[in-house]
Structures are given as C-alpha cells and as structure tokens.
Amino acid sequence: MSTETLQHEAANPLLDFSGLPRFDAIEARHIEPAIDALLARARAALAAVVDHHGAADWANVVAPTETAFDELDRAFAIAGHLNAVASTKAVRAAYNAVLPRVTAFDSEVAQDPRLYARYRALAEGPSMAALSTAQQRVVVQALRDFRLGGAELEARARARLEEVHEELAMLAARFDDNVLDAEDAWSHRVTDEAQLAGVPEDVKAAAREAARAEGIAGWKLTLRAPCYQPVMRHAENRDLRARMHRAAVTIASEQGDAPQHDNSEVIARTLALRNEEAQLLGYASYAGLSLVTKMAGSPAEVLDFLQDLARRVRPFALREYAELTAFARDTLGISELAAWDVAWASEKLRRHRFALSEEEVRAWLPLDRVLAGLFRLVAILYDVSIREDRAAAWHPSVRFYTVSDRDGAPLGHFYLDLHAREGKQGGAWMDEAINRRRIGASLQRPVAWLTCNFPAPLAGAVPHLTYQQVLTLFHEFGHGLHLLLTRVDVAEVSGLQGVEWDAVELPSQLMENFCWNRDVLASISAHTTAAGVLPRELVDRMLAARNFGSGMTLARQLELALFDLRVHSGSDDAYAVLDTVRAEIAVEPHPAWDRFVHRFGHVFAGEYAAGYYSYLWAEVMAADAFGLFEEAGVVSPAVGARFRDAILAVGGTRPALESFVAFRGRPPQLDALLRHNGLVEA
C-alpha cells in the first residue's frame with residue numbers, strides 16, 4: 001500500500017475505530033473510499049484463511065477475519081444510519097453506491113467453497129470440542145449460513161444467487177427512498193383555523209411554525225407521525241381526516257400524489273426475486289427459507305399459530321367494532337364508519353366510556369421525567385446506572401448516554417434520537433452501532449442508537465409524550481438493553497446477533513408491560529402546573545381503559561402477519577393476498593384504493609419478510625415472562641437479575657427457547673397474552 005493511500009485513509013474519519021463514530025467529522029464524501037478500503041482489508045483477511053493449509057482451528061479459521069469484518073460492519077452501519085436519520089442527496093448517493101459492493105462481498109463470503117470447507121473442517125475436527133459455547137455456536141450458525149448463502153450450489157446457480165441478493169438490496173433501499181421522498185413531498189395547507197377544531201394546541205402550534213418556516217400563512221400539515229396521528233385521532237373535520245388518511249395509505253403508490261415514487265414495481269420484483277432465491281436454495285417458498293433462522297419450524301407451524309390466535313381474538317374484535325359503529329351512529333351522527341373515522345371515533349368512545357383523553361394523560365408525561373423514570377426502573381431491575389454523557393452526533397437534538405455496572409465500570413453507550421424531522425425515516429427502531437467483542441486484552445463495548453419520531457419541542461415549551469409514545473420508548477429501550485447488557489465476548493453471537501428473529505422482540509415487548517405498573521407510572525409522571533404525580537383516580541381510569549380496543553389492535557397485527565406469511569408462500573400478487581386475508585380477519589373498513597403495502601417497510605425493506613409474525617410470537621413469550629415479574633411484585637430486582645442472566649446476557653449463544661425455559665422454568669404459554677389484553681371471557 002502506497003504512502004499516499006495510507007495518508008488518505010488516515011484522514012478518513014469513517015476509518016477511525018479507536019472509539020465512538022466521529023459524527024462531527026464524517027461527511028458523505030468519506031463513505032465510498034472508506035467502504036472500498038474496508039472491503040479490500042476484508043478480502044485480504046479472507047484470503048489469509050482460505051490459503052491456510054494447516055489443521056483447522058479458531059485461530060486460523062475465524063479469528064483472522066474478525067476485525068476486518070467487524071470494521072466493515074461498523075462503517076457500513078454508520079452509512080446506513082445516516083441515510084435513515086439525516087438523509088441528503090449526497091448521503092443517499094454514497095450509500096446507494098456502496099450498497100451493491102457490500103452486498104456482493106457478503107455473497108462472496110457466504111458462497112466461498114474454500115471458506116466453507118475450512119469451517120466444515122473446524123466443525124468436524126478435534127479442536128471443536130475445545131471451543132467455548134459461544135465459539136461453537138458461531139461455527140454451527142456459520143455452516144447454516146453457508147448453506148443458505150449458496151455455498152453448496154453449482155457455479156452458475158451461485159452466480160445467479162449473488163445477482164439476486166444484490167438486486168434485492170437495491171430494491172429495499174429504493175423502497176425506503178420512495179416512502180421517505182413521497183412523505184416529505186406531501187403537505188396540506190390550512191388557512192382557516194376552524195378546520196383544525198379538536199386538534200391539540202401543540203400540534204397546531206407546530207403546524208403553524210412549519211408554515212411560517214416556509215414563508216406561508218396558516219398551518220402546514222404533514223404525514224409525519226407527530227402531525228398525522230393526532231389529526232386522525234382528534235380533528236373534528238371529517239373531510240380533513242379523509243384527506244390525510246387517503247394521502248397516508250396511498251403514499252409511494254400509483255394512487256398517491258407523487259407517482260414518480262410508486263413502489264408497485266419494487267414490490268412485484270422483490271416478491272419474484274425472493275421466490276427465485278428460495279427455489280435456488282431448494283425451498284418451496286421464501287417463507288420456508290426465512291424460517292430456517294427462526295424459532296418456528298415451518299410455515300405450517302406459523303400459520304397454525306396465527307390462525308389459532310385469530311380464532312380466539314376475532315370474536316372480541318368484532319364485538320369491539322360493533323360497539324364502535326353503534327356509538328358512531330347513535331352519538332356521533334356517522335351512519336357508516338369509514339377508515340378515516342376509526343381512530344377519531346375510538347378516541348371519542350374511550351372518553352365517553354372511561355372519561356379519559358389522550359391529552360389529559362399526556363399533560364402528566366414530560367419527556368425528561370419519562371426518561372428519568374425509565375432509567376430508574378432499569379437501574380433497579382438490572383443493577384446498572386445510566387448517565388447522560390457527551391459525544392458527537394448527527395443532529396443537535398440527539399442525546400448520548402453511558403450505561404455502567406454497580407461499580408461504575410462502563411458497559412456500553414447509546415444515542416437517543418427522539419424527534420421527527422425532514423430527511424429522517426418514520427417509525428421507531430433500535431440498531432447496533434458497535435457490537436461487544438474481546439480484542440486481545442481489551443473489550444469493545446456495545447453501542448446502540450435508539451430512534452423514535454416524537455414531535456420536535458417548540459421553543460420554550462416542555463416536550464410531553466402521549467402514553468402510546470411512552471410505550472414506544474420503553475419498547476425500543478428493551479431492544480437496546482438486549483445489546484448493551486450482553487456478557488458475550490464474541491461479536492457474532494453477542495447482543496442480538498445470532499438470536500432467532502422471532503425472539504428478538506421479547507425484551508422490547510417485556511418492557512412495555514412495566515408501563516402499566518402504578519409505581520412505574522408514578523416515576524415517569526409529573527405536571528408543569530399541578531403538584532405530585534399521576535393522580536390515583538387518573539391511573540385507575542388508565543388501567544380500566546388499558547384493554548380498550550385490544551381485540552381490534554391484535555386483529556390488525558394478525559392481518560399484517562398473515563399477509564406477510566402468505567405473500568411469501570409463492571404468490572406474486574400482493575393485493576390479491578391482502579384482500580383474501582382481510583376477508584378472513586379484518587374488522588375495520590379499507591377502501592379499494594388503500595395501498596398500505598406500498599409503505600410496509602418492515603416486510604419490503606426491513607428484516608421482517610416472512611417474519612412479521614415475530615411480534616405476536618414474541619409477545620406470547622413477553623406476556624408469559626412478565627407473569628414471573630408479576631408474581632414477585634413486578635419491579636423485582638431478583639426476577640430482573642434472572643431475566644438478565646438467562647436472556648439478555650447470553651445473546652445468541654444458545655437457542656432462544658432454551659433461554660426462555662432457563663428464565664421461566666417451562667416453555668411459553670399463550671394464556672398470559674390473552675389475559676393481558678383482556679381477551680378472556682369473564
């Protein structure tokens with residue numbers, strides 16, 4: 001390597017792995033040269049393994065690539081993260097330029113027959129028995145991934161599979177880009193404040209500020225969650241709700257206002273390629289291929305699970321919807337409930353039945369108080385401390401924290417990016433910036449970024465959260481704990497790595513359950529004008545309303561999970577599948593022009609393809625696991641330590657079912673999920 005090349009690399013902050021990512025220095029122009037340099041290093045490390053002719057052991061098969069592969073993952077994760085939370089034309093162009101190169105390299109590794117042979121030799125040789133449990137798990141999962149990557153295929157099929165993987169990666173990026181661009185392009189200007197009757201004052205203030213920032217009068221409404229969701233729940237103007245709903249469910253489709261961002265071809269091509277991938281690897285469908293890395297054994301097992309749950313849930317959902325339509329007809333004057341009325345009418349019925357409004361609860365949930373209560377709960381359960389720290393970030397509103405053990409030794413760090421803004425993808429998620437691993441005598445600590453899309457605080461105002469936003473925050477923090485509290489020193493199975501995908505939601509959904517505990521509610525609540533914490537009578541109303549609409553909510557999740565499973569079982573017509581599923585399970589109305597699938601990023605751009613059922617699968621485990629906390633008084637350090645030791649600490653070093661049984665003492669049972677959702681006949 002030339003001196004000039006070394007100097008050039010040294011000047012690239014994306015190639016500095018000595019600490020945290022240098023977001024104050026990283027620019028779009030750094031992405032391509034950094035990834036190219038890291039790909040070259042990774043290929044050199046790979047060559048050192050396949051060219052070695054001695055007896056296979058960890059030191060000459062796995063260890064030589066650990067650092068090179070980890071650094072490539074870290075740099076590429078930063079590029080992808082910036083494209084999701086701080087997207088610009090330059091960042092997107094750089095990310096899309098390197099995406100096929102990284103995808104191609106991943107395929108090269110997964111298909112390399114020489115590397116596959118070295119891993120087989122390690123697995124079958126005498127040194128396998130001497131490896132740690134974590135190391136053995138890495139080897140076993142690697143052999144599985146070689147088979148899934150096409151290492152056993154003949155040359156022509158391997159080449160075609162590589163092409164399929166590259167195109168699928170580009171299609172996923174294009175899907176996300178289309179959704180983000182279409183969402184950013186849409187807005188609706190309101191000039192008469194009377195049209196915003198019922199909309200919360202802070203939402204109107206944000207909309208007025210958005211209009212003022214563009215030099216226009218009135219209020220600018222958008223499809224971003226902090227604007228869209230409260231408008232749909234509270235706006236009295238039915239025409240406004242209808243306009244907003246249509247824009248939201250036709251976004252990135254041929255029915256939307258920005259047809260240049262239509263995802264129709266992306267969806268069709270994605271399904272075709274996934275089906276081809278499955279066929280190349282010898283599976284009847286992509287669903288069968290996807291489940292190889294999950295707890296569930298087959299598509300039939302998942303279908304039985306979903307249909308069994310649907311049989312139990314749908315009667316409650318139908319009853320709830322009948323009550324809602326009767327209330328809308330008799331009290332609200334709406335003879336036929338439309339899709340854009342459901343959230344609004346539900347909020348009205350909840351107020352009527354429980355004297356409880358979203359805004360009343362929100363007034364007691366200032367963001368900083370919620371965070372302090374969340375951190376205090378985690379400290380009690382898992383014997384750790386969380387303190388705000390300093391680090392460069394991608395936006396001024398991003399916060400940074402350090403998690404430490406009882407002796408003050410740091411365990412890991414996380415970034416908290418809570419607020420919606422232009423150029424940031426919608427939704428909420430946790431992702432890995434750095435995985436824990438041991439490098440000689442030193443320890444690389446895990447780092448997470450936790451992302452939400454709450455309303456940006458207005459100048460001088462104290463930001464508050466809705467109760468649903470509190471649940472979202474606790475959920476994502478549960479994912480973060482899975483990464484941060486691992487004790488595994490091998491990156492490939494530390495944290496969430498190596499954990500079956502239908503089990504990764506267990507820690508996150510478990511955390512949501514704590515939000516219904518009176519002590520936790522007290523710890524996260526305060527009021528800007530009133531003294532004390534959430535009043536007992538308000539908590540009583542919240543608990544009484546906890547399961548309001550839970551049947552309809554679960555029916556919606558079942559609809560999405562069944563659609564995902566069936567559309568990946570050989571179909572090439574997404575909407576024909578969706579129509580069939582909705583006829584079976586849906587209870588809410590859906591207009592013929594509804595194109596929700598065009599923004600279903602979990603399935604068409606994320607990692608939940610043929611795996612969306614994971615939310616329900618893991619929710620069964622989470623509800624059952626929380627039952628043990630309930631038996632011990634809920635906020636129990638003893639049960640928390642048991643959960644940390646049995647599940648959070650072990651990462652992917654053993655099957656998730658074994659970890660659950662180690663915690664609960666038996667396999668998971670469905671009863672707790674139904675009980676927690678009030679879906680048990682009295």
Side-chain angles (χ1 to χ4, degrees), residues 141 144 148 172 274 278 283 285-310 313 427-432 471-472 474-483 495-513 553-569 581 585 597 600-626 647-648 651-652 654-660 663-664 667-670 672-674 676-677:
Q141 291 193 337
R144 176 203 66 193
L148 296 180
R274 285 175 177 168
Y283 291 89
S285 68
Y286 186 81
L289 169 60
S290 172
L291 292 178
V292 176
T293 59
K294 297 178 173 65
M295 289 178 67
S298 68
E301 182 182 351
V302 176
L303 185 61
D304 287 346
F305 164 72
L306 294 175
Q307 290 179 331
D308 178 47
L309 190 55
V313 167
W429 66 90
M430 186 287 301
D431 215 341
E432 302 139 327
L471 290 171
T472 298
F474 273 59
H475 179 103
E476 299 308 331
F477 205 80
H479 281 310
L481 291 172
H482 205 171
L483 175 74
L496 285 75
Q497 293 297 308
V499 177
E500 295 97 317
W501 200 250
D502 41 8
V504 296
E505 297 295 334
L506 166 57
S508 55
Q509 291 179 332
L510 178 83
M511 283 298 295
E512 292 185 43
N513 287 280
T553 299
L554 274 175
R556 173 63 171 164
Q557 285 295 96
L558 283 162
E559 173 190 327
L560 299 179
L562 282 165
F563 162 76
D564 169 48
L565 183 69
R566 288 181 175 169
V567 83
H568 287 105
S569 296
V581 169
I585 188 65
V597 169
F600 197 5
H602 276 74
V603 164
F604 291 106
E607 298 183 74
Y608 284 86
Y612 196 80
Y613 77 90
S614 300
Y615 283 101
L616 293 167
W617 186 277
E619 192 172 351
V620 170
M621 293 193 291
D624 198 9
F626 190 70
I647 293 175
L648 299 179
R654 63 186 177 190
L657 181 59
E658 289 185 17
S659 293
F660 184 90
F663 170 71
R664 197 66 173 94
Q669 298 176 354
L670 182 62
L673 171 66
L674 299 174
H676 282 186
N677 284 277

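Values below: all heavy atoms of this structure, side chains included; hydrogens, waters and symmetry mates excluded. By convention here, the first residue in the shown sequence is residue 1.
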Under 3.5 Å, side-chain donor or acceptor atoms of residues 614-623 against the rest of the protein: list the pairs with distances, not counting sequence neighbours.
residue: S614; atom: OG; partner: G611; partner atom: O; Å: 2.6
residue: Y615; atom: OH; partner: H602; partner atom: NE2; Å: 3.1
residue: Y615; atom: OH; partner: Y608; partner atom: OH; Å: 3.4

Report summary line: D308 meets the salt bridge (Lys or Arg N to Asp or Glu O under 4.0 Å) criterion, sequence neighbours left out, with R311, R312
Report summary line: Applying side-chain hydrogen bond (donor to acceptor under 3.5 Å, both in side chains) to E476 and not counting sequence neighbours gives none
Query raised in the report: How far apart are the closest heavy atoms of A503 and M295, and which atoms are they?
Result: CB-SD, 3.7 Å
Query raised in the report: Would you say R566 and L303 make side-chain contact, with heavy atoms under 4.5 Å?
Result: yes
Query raised in the report: Looking at residues at least two apart in the chain, or sitting in another chain, which of them share a ring-ring contact (aromatic ring centres under 6.0 Å, His included) with F477?
Result: F375, F414
Query raised in the report: Partners of H479 by ring-ring contact (aromatic ring centres under 6.0 Å, His included), sequence neighbours excluded?
Result: H475
Query raised in the report: Can you list the residues that meet the salt bridge (Lys or Arg N to Asp or Glu O under 4.0 Å) rule with R556, with sequence neighbours excluded?
Result: E559
Query raised in the report: How far does OG of S290 sit from CG of L565, to the nearest 0.5 angstrom?
Result: 9.0 Å
Report task. Please list, chain by chain and in numerical order, all residues satisfying salt bridge (Lys or Arg N to Asp or Glu O under 4.0 Å) with R664, sequence neighbours excluded. Result -> D624, E631
Query raised in the report: Just wondering, do L306 and I585 contact through their side chains at under 4.5 Å, heavy atoms?
Result: no
Report summary line: Distance col, row R654:CZ vs F660:CZ, nearest 0.5 angstrom, shows 12.5 Å
Query raised in the report: Got a sec, which residues hit side-chain hydrogen bond (donor to acceptor under 3.5 Å, both in side chains) with H482, two or more places apart in sequence or on another chain?
Result: none
Report task. State which residues pass side-chain hydrogen bond (donor to acceptor under 3.5 Å, both in side chains) with R144; sequence neighbours excluded, sorted by chain then number. Result -> none
Query raised in the report: Looking at OG1 of T553 and CG of L558, how far apart are the two atoms once the value is rounded to the nearest 0.5 Å?
Result: 11.0 Å
Report summary line: Residue pairs passing the salt bridge (charged side-chain N to carboxylate O under 4.0 Å, His left out) test with at least one member in residues 495-508, sequence neighbours excluded, are none
Query raised in the report: With A609, which residues qualify under side-chain contact (heavy atoms from CB on, under 4.5 Å), at least two apart?
Result: R274, Y286, H568
Report task. Would you indicate whether the side-chain heavy atoms of T293 and L148 approach each other to under 4.5 Å? Result -> yes
Report summary line: Closest non-hydrogen atoms of S285 and S569, given as atom of the first, atom of the second and distance, are CB-CA, 3.6 Å
**Report entry** N/O donor-acceptor pair under 3.5 Å between D564 side chain and Y612 backbone
**Finding:** yes
Query raised in the report: Which residues satisfy the side-chain hydrogen bond (donor to acceptor under 3.5 Å, both in side chains) test with N677, sequence neighbours excluded?
Result: none
Query raised in the report: Rounded to the nearest 0.5 Å, how far apart are OH of Y613 and CG of L291?
Result: 5.0 Å
**Report entry** Nearest-0.5 Å distance that lies between atom CG in L648 and atom CG in L481
**Finding:** 6.5 Å
